[in-house]
Amino acid sequence: PDGVGFTLLQFTSPSFPYGGELYKFSTLFPGKTDRILRPEKFYLDDFAYIPGEGIYVACTEKNSNLRLPIPAKVTVLFSKDFLKWETVAVDYRAVAKRLFLSVTATNKVWLATDEGMILSLR
């Protein structure tokens, strides 16, 4: 509704040092695209955008340049302005190979892991 869209690219090639990239684009001004996140320490799995509040990005720790089928520690990043990123508190026992974010109609954010854990983030 606010004219903002996102594209999440996931990289699993051992020759590429990043675990993914997140781009923001404008639907109101075509051609305007900005890379807002490109972490070296994490694999990007999913994101959830709440217009007017910010964006959540679900990540797993990157222990090597090869994405292994072994669960890794879960990290969630949050940004209000797409420039400064802060880490959201997540249960220290949370591990996963894949993560899935969801937002309810009342802007409650949930994180599900492929290991069977469901976490409330806010």
What do the steps show when you test V57 against L101 for side chain to side chain contact (heavy atoms under 4.5 Å, CB included), and what is the final call?
-> CA-CA 8 Å; V57 181; L101 283 169; 5.8 Å; no
Would you check, one step at a time, whether the test side-chain hydrogen bond (donor to acceptor under 3.5 Å, both in side chains) holds for D2 with Y49?
-> CA-CA 11 Å; D2 62 353; Y49 175 60; 2.4 Å; yes
May I have the step-by-step check of side chain to side chain contact (heavy atoms under 4.5 Å, CB included) for D45 and Q10, ending in yes or no?
-> CA-CA 7 Å; D45 282 305; Q10 297 176 326; 4.1 Å; yes
Side chain to side chain contact (heavy atoms under 4.5 Å, CB included) assessment of Y56 paired with L77 = CA-CA 6 Å; Y56 290 85; L77 303 174; over 6 Å; no
Test side chain to side chain contact (heavy atoms under 4.5 Å, CB included) applied to I118 and L111, step by step | CA-CA 6 Å; I118 298 175; L111 173 71; over 6 Å; no
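A 4.5 Å side-chain heavy-atom check between L119 and V90 finds at least one atom pair inside the cut-off. Taking the side chain as every heavy atom from C-beta outward, T87 and V76 never approach each other to under 4.5 Å. Taking 4.5 Å as the limit, some side-chain heavy atom of L44 sits within range of a side-chain heavy atom of P39.
Under the 3.5 Å distance criterion, with hydrogens and angles disregarded, no donor-acceptor pair is assigned to the side chains of T33 and K24.
F47 contributes atom CZ, which lies 13.5 Å from atom OG of S79 (distance to the nearest 0.5 angstrom). Rounding to the nearest 0.5 Å places CD of E21 at 11.0 Å from OG1 of T7. Note that NZ of K73 and CG of N63 are 11.5 Å apart. Values are rounded to the nearest 0.5 Å. Once rounded to the nearest 0.5 Å, the distance linking OH of Y43 with SG of C59 reads 12.5 Å. One finds the CG atom of L9 at 11.5 Å from the CG atom of L37 (value rounded to the nearest 0.5 Å). To the nearest 0.5 angstrom, R98 atom CZ is 6.5 Å from F100 atom CZ.
Of the possible polar contacts, none joining the E61 side chain to the T75 backbone as a donor-acceptor pair under 3.5 Å is found. Put simply, the side chain of E53 never gets that close to the backbone of K80: no donor and acceptor are under 3.5 Å apart. Within the 3.5 Å criterion, the main-chain N or O of I36 finds no donor-acceptor partner in the side chain of D34.
A salt bridge links E115 to K97: one of the charged nitrogens lies within less than 4.0 Å of a carboxylate oxygen.
Taking the ring centroids of F11 and Y18, they lie at or beyond the 6.0 Å cut-off. Taking the centre of each ring, F6 and F82 come in below the 6.0 Å mark.
Closest approach of L99 and A96 over heavy atoms only: CD2-CB, 3.5 Å. Closest approach of A72 to T60, counting heavy atoms only: CB-CB, 4.2 Å. Closest heavy-atom contact between L83 and D81: N-OD1, 2.9 Å.
Note on I50: it does not cluster hydrophobically with V4, by side-chain heavy-atom contacts below 4.5 Å among ILVMFWY residues. In the hydrophobic clustering of this structure, L121 does not group with W85; members are Ile, Leu, Val, Met, Phe, Trp, Tyr whose side-chain heavy atoms approach within less than 4.5 Å, directly or through other members.
Surrounding NZ of K41 are at most 12 heavy atoms belonging to other residues, nucleotides or ligands under 6.0 Å away.
Geometrically, K62 does not engage F42 in a cation-pi contact, judged by NZ or CZ lying under 6.0 Å from the ring centre and within 45° of the ring axis.
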